[in-house]
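All remarks here apply to the structure that follows.
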Amino acid sequence: MNTSMETVAGPPRRTVLAASRVAVFERMLEIRALEQRIQTLYTEGLVRGSTHLCIGQEAVCTGLAAAAPASDRVTCTYRGHGMALALGTSPAAVFGEILGRANGCAGGVGGSMHLVDVETGLMPTSAIVGAGLPIACGLALSSKLSRAGDVALTVFGDGSTNIGAFHESLNLAAIWKLPVVFVCENNLYGEYTRINLSTPIEDLAERASSYAMPSEIVDGQDHDEVCAAVGRALDRARSGEGPTLLEMKTYRYSGHSRSDPATYRPEGELDAWRQRDPIALFRGRLVAAGDLDDAAADAAEARVTEEVEAAAAEAIAADWPAPEEMFRHVEGSTT
Amino acid sequence: MNTSMETVAGPPRRTVLAASRVAVFERMLEIRALEQRIQTLYTEGLVRGSTHLCIGQEAVCTGLAAAAPASDRVTCTYRGHGMALALGTSPAAVFGEILGRANGCAGGVGGSMHLVDVETGLMPTSAIVGAGLPIACGLALSSKLSRAGDVALTVFGDGSTNIGAFHESLNLAAIWKLPVVFVCENNLYGEYTRINLSTPIEDLAERASSYAMPSEIVDGQDHDEVCAAVGRALDRARSGEGPTLLEMKTYRYSGHSRSDPATYRPEGELDAWRQRDPIALFRGRLVAAGDLDDAAADAAEARVTEEVEAAAAEAIAADWPAPEEMFRHVEGSTT
Amino acid sequence: MERLRVREAINRALADEMEADPKVICLGEDIAAAGGAFKVTEGLQERFGPERVMDTPISETGFLGAAVGAAMTGMRPVVEMMFIDFTGVALDQLVTEAANTRYLSRGKLTVPLVLRGSAGAGMGFGCQHSGLLDHWFRGTPGLKVGVVSGAAAAYEMHRAAIRDPDPVVVLEPRILYTRREEVDLPVVTDSSSVGRAVTAATGDDLTIVTAGQMVGVALEALAGASWSADVIDLRWLQPWDVEAVLASVRRTSRLVTLEETPPDAGWGGDVLAAVATQLHGQLEAPSLRIGPPPVPVPFSGALEERYLPTADRLREQIEVSLRGAPPTNWWAPEGVSA
Amino acid sequence: MERLRVREAINRALADEMEADPKVICLGEDIAAAGGAFKVTEGLQERFGPERVMDTPISETGFLGAAVGAAMTGMRPVVEMMFIDFTGVALDQLVTEAANTRYLSRGKLTVPLVLRGSAGAGMGFGCQHSGLLDHWFRGTPGLKVGVVSGAAAAYEMHRAAIRDPDPVVVLEPRILYTRREEVDLPVVTDSSSVGRAVTAATGDDLTIVTAGQMVGVALEALAGASWSADVIDLRWLQPWDVEAVLASVRRTSRLVTLEETPPDAGWGGDVLAAVATQLHGQLEAPSLRIGPPPVPVPFSGALEERYLPTADRLREQIEVSLRGAPPTNWWAPEGVSA
Ligand SMILES: Cc1ncc(C[n+]2csc(CCOP(=O)(O)OP(=O)(O)O)c2C)c(N)n1
Ligand SMILES: Cc1ncc(C[n+]2csc(CCOP(=O)(O)OP(=O)(O)O)c2C)c(N)n1
Ligand SMILES: [Mg+2]
Ligand SMILES: [Mg+2]
């Protein structure tokens, strides 16, 4: 796998996922290791504000990134560390951002909820539920009008399907036949509320019918299933057939945000989902296929952990943003 | 039929619709006559701002009002003159409001888009598309919490089903099992845009499935069908089964607002709908049933026209609001 | 020189920008096939085609957000909000998303988006369709906000707004749409005029700072007045032209702000504050802040007529104050409490 | 006297009002079963039951609008907006619907609704979760807006807000939630304190008008200062207490406003404007308007620390100005351009 030095350029880190299943495995490990390290950085008092981990949802990240060529842009949410890594942002740049350092992918002015990497196609992630969906429609509109051929993907949670922006975006995309893929990560919870308490239906994919839009329910724990479903939706979009709603059934192992012990979950739910851990599942598949033996897998795990640790160290040692950064890239107010 | 003097009290004018089919016929005539008179008042330069007529949609107004007891509250839109009359506001109070006079149902401070009549259950109509739906959920929530037993009805157009408030309201009503009836007047157009250009499905009732909510497609030109469907939905709501989405297939004969000649409509569409004119249809049914003979129907028409004209004259002669009315019923800003 | 209505000047600005840059697109409710509720975009779809002039569903969050995304990726969308009041259902996309994008992406993405909307009171549209609502937009770093005062201003401001790299809100007083003006349309090649005020009249006794539909009221008040005034048409409310205001007030030593909205959160507060903090001791008389009362815009002509400032009322207020007396508001005469 | 955190004081106010009036209900995202993202509503559902303390879907327009409808029909809903910034997706229901209802219904309907939301910068939540955003709400006739400065203020303001017949926004500086205060909780029986400022300290040399989390900053700045000041905690930003401000400034002859947001559309403009128009010639020195720079709230601790006013910075600014010099902003020292 690439080191953070090699990966600064961007696109290669996304592209490699389509080419190498071992790279996918390593990226999943990287995502998990990074999220775990963020949790400890928090405990060490190094992280301000809020962070939202995606441990348990890694296959959605890698599946999407492996299916979408580097020219396809993505909008995502505050729960975006894994997606950023999958698309190709380096671990050091993600750590740096979360720690508010100059080496962060937004130079430290954004924070955990506002990752961005124009080179890898990651638009600024939004901290507002649902906000990324209309924006993705706009990315798709640009593509359509300029005949660029690229597709926009927008990633959002189950809870976000109850906000107006979801409805308006799906309708707009359908009526304009926009090349956009709506990727719902149904991890069963919006903050501390289980989906059955906020939403009268179980399968969110059903909501596509209100817009005569095709949809699929996808096993979000299975990288290959995710990758295939996203691929089908991208094909539809690219051939001018318009948008698709994909519902990824998945689960977040940790609480909603760094301060949430997730005591609201029914006994056994987490354990049941761990039985289908996306990384273990994919590792098993690689080993079975002979792509990797157990020793190599263990070695990869050790190597990735080390690399992620090095990236964390790099970020911790990185400079703070210079004072003038506060004033750059904004104008307009009267002082 | 009641004269405007007798009707100021309110509720009886709604209640009578459930009791007398002749009253329903007369009310439909009243609505149409009032709308037509508003058009001429506009031409005479007496109406400021905007007005939105509901000619062609009268059966939705009377059907709803005949089905819903006087304690059921209604939110409605800027296209609300007919609904106000159906629920029981007097023609003089509607005219007065549209002319900005002190005798208007909002004392002249509201105007055509902001009719209100607390006594008849008409909440202030909103000039913002979709805004009445969440408010109706709140009326229903009050009812549910206080065990009052009344139901809220909210009337909105086909175009309004593409705004976020629609989606959020239906979801909220479904998950909370609120006693509310969503009444969509699908008149095929939102302003100058035909529904097929804004909405990828034809039957808006289908959208209820996103909320596991029952729905019905209703012949909005037929008072009896409207009344029956609203009645079923009210029963469901009152018995604690929650909300219903009713789609009234209807048509507005005139343009969107007073200044719209509606040239965007396909040739023949208006004529085809006129074949199923709600008033003619209902009159035919009354005559066939022997409730009314043609002479009596004609006489009713003449009488209603005269009464409406008298109400218009009353409003034209009415005082302007006193200067201090501008300052009443608002506080809070710093002067 | 030609005689143009304000709405025609805007139309011309849009057409000229669309001609100059294929990335300029227009979207909004009924702006394309129907040419807009106020006919501002009439003929643009015929001329530039349905891909560049688009009708939208009634989904303000959806299409405003789509414009944000399109702007991030090279387009220069001009979004019409039929009545600026409707932005209340979609504000997030503009102020929380668009305005922060350039900052968050460290300049790698910009959002050259224009939100134009009909605005203001005076036409009997009632309390939900008569807002200027500049205060919803001002106070957002990263966003620029202007208000049009006439045909020439409209033309120049819209072209500059479209060429600006940042999201810009241009408020169009609805009441001016059909007003005609003799204009030499300016040549606009960049966005450098964004933020610059224009001196609409010059005089010695006082400085009237105003904007939008009130500019015409101020100019009308000059006619037959016993005093003369600089009338500063701010045009841009964020950023606004502090220097122009200070320079004029330094010369005249008297300041009047004329707003079309009630005082709380109005731009007049910021103008008066800047003068108070920067020209202490240089004013001959108390500054005056003139505007309508803090009530919802009433519908009835009888009331709305009392609500807005007029030339006569402005003149009266200024004359009383020049005599050294504190003027009372026209809208709160004896017996009518505010 | 007891020691209470601000969030506990709010919780107490809500509980006391719910106890006093069965029509008071609370709704918002994760406020019931989980007790709120900031634990402000902890224990209320257990105590008052799931009908009166309700979790909502992530549908701000839906549940804020539902609260409006419930308030029209006799309930007194208290809606939590987890971060006040989220109101950008739902503003219409509050400012365009709720605020006009009493006016439009000629007083037959009222909307006794409270929207409370965590607000403000200083905690590393970044540019989309750090707004105070009072300017979205001020400027709407029919709406009242306050901001909490401590536990006693929070308790009193929330109880008064719930008893007010109109929609009221109460902004809760998030950074204060865990701050403890020794308080005698006041007895609140009506909404008469809405609109009234409180003098948090008295002094002779100047008047500091401030609000919210900046009140503590101002009080801290007094300690060890060579000057003394009236510190006016506005508490209510609309309507705001003009009389209290004018009375103090008349006595001290100097005015400083201390805001936690950039100048454009900030409440400080309205305060400075009122003093400028009403106390002309009575000030000994230029007024000062102190606040952060006009940029999005930066995330990094290194930058956010430079963004907000602190006691030291305030003291420094005041001291420079008392020496007769114009102070420079701490956030724009040499070499750093604004
Ligand atoms: C408009 C808005 N409302 C509320 C929030 C607070 N909030 C942040 S994340 C979240 C839950 C979202 O749940 P879901 O969409 O399922 O995504 P997940 O966090 O599970 O990935 C909420 C309510 C927000 N950020 N924006
Ligand atoms: C939020 C908002 N967007 C746009 C408008 C402008 N507008 C007023 S009526 C209307 C059309 C609504 O169509 P529909 O819902 O079908 O109702 P109809 O007028 O046909 O009864 C539009 C776009 C508005 N009032 N509010
Ligand atoms: Mg979720
Ligand atoms: Mg319609």
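Sequence lines set the chain letters: A, B, ... in the order given, protein chains first and strands last, and positions in each chain run from 1. Not measured: the values here are computed from a predicted model.
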What verdict does the side chain to side chain contact (heavy atoms under 4.5 Å, CB included) test give for D:Met75 and B:Leu141, after you've listed the backbone C-alpha separation in whole Å, the side-chain angles of each residue and the deciding distance to 0.1 Å? CA-CA 9 Å; D:Met75 308 304 292; B:Leu141 179 64; over 6 Å; no

With a 4.5 angstrom heavy-atom cut-off, could you sort out which part of [X] is near chain B: side chain, backbone, both or neither?
X        : answer
D:Thr110 : neither
D:Ile25  : side chain
D:Leu113 : neither

About how many Å separate [atom2] of [Y] and [atom1] of [X], when rounded to the nearest 0.5 Å?
X        : Y        : atom1 : atom2 : answer
D:Glu97  : B:Ile128 : CD    : CD1   : 6.0 Å
B:Trp176 : D:Asp55  : CH2   : CG    : 9.0 Å
B:Glu331 : D:Tyr103 : CD    : OH    : 13.5 Å
B:Cys105 : D:Leu104 : SG    : CG    : 10.0 Å
D:Thr101 : B:His329 : OG1   : NE2   : 13.5 Å

Mind listing the closest non-hydrogen atom pair of [X] and [Y] along with its distance?
X        : Y        : result
B:Ser146 : D:Lys23  : CB-NZ, 4.2 Å
D:Ala66  : B:Leu172 : CB-CD2, 3.9 Å
B:Ser142 : D:Ala70  : OG-O, 3.1 Å
D:Gly62  : B:Glu168 : N-OE1, 2.8 Å

Mind running side chain to side chain contact (heavy atoms under 4.5 Å, CB included) on D:Ser59 and B:His167 for me, showing each step along the way? CA-CA 9 Å; D:Ser59 310; B:His167 177 66; over 6 Å; no

For chain B, which of D:Arg52, D:Glu60, D:Glu51 has the most heavy-atom pairs under 4.5 Å? D:Glu51

Looking only at D:Ala99, D:Pro22, D:Gly107, the option with the highest number of non-hydrogen pairs under 4.5 Å against chain B is D:Gly107

Sub-4.5 Å side-chain heavy-atom contact between [X] and [Y]:
X        : Y        : result
D:Ser105 : B:Met123 : no
B:Ile175 : D:Pro57  : yes
B:Pro124 : D:Leu109 : yes

Engaged part of B:Thr75 at the chain D interface, taking heavy atoms whose separation is under 4.5 Å: neither

Chain D contact via B:Leu145 - side chain, backbone, both or neither, heavy atoms under 4.5 Å: both

Among the listed options B:Val116, B:Leu115, B:Leu139, B:Leu178, the residue most often paired with chain D at heavy-atom distances under 4.5 Å: B:Leu139

Could you go step by step and tell me if B:Glu325 and D:Arg106 meet the side chain to side chain contact (heavy atoms under 4.5 Å, CB included) rule? CA-CA 9 Å; B:Glu325 289 302 322; D:Arg106 304 283 74 202; 2.8 Å; yes

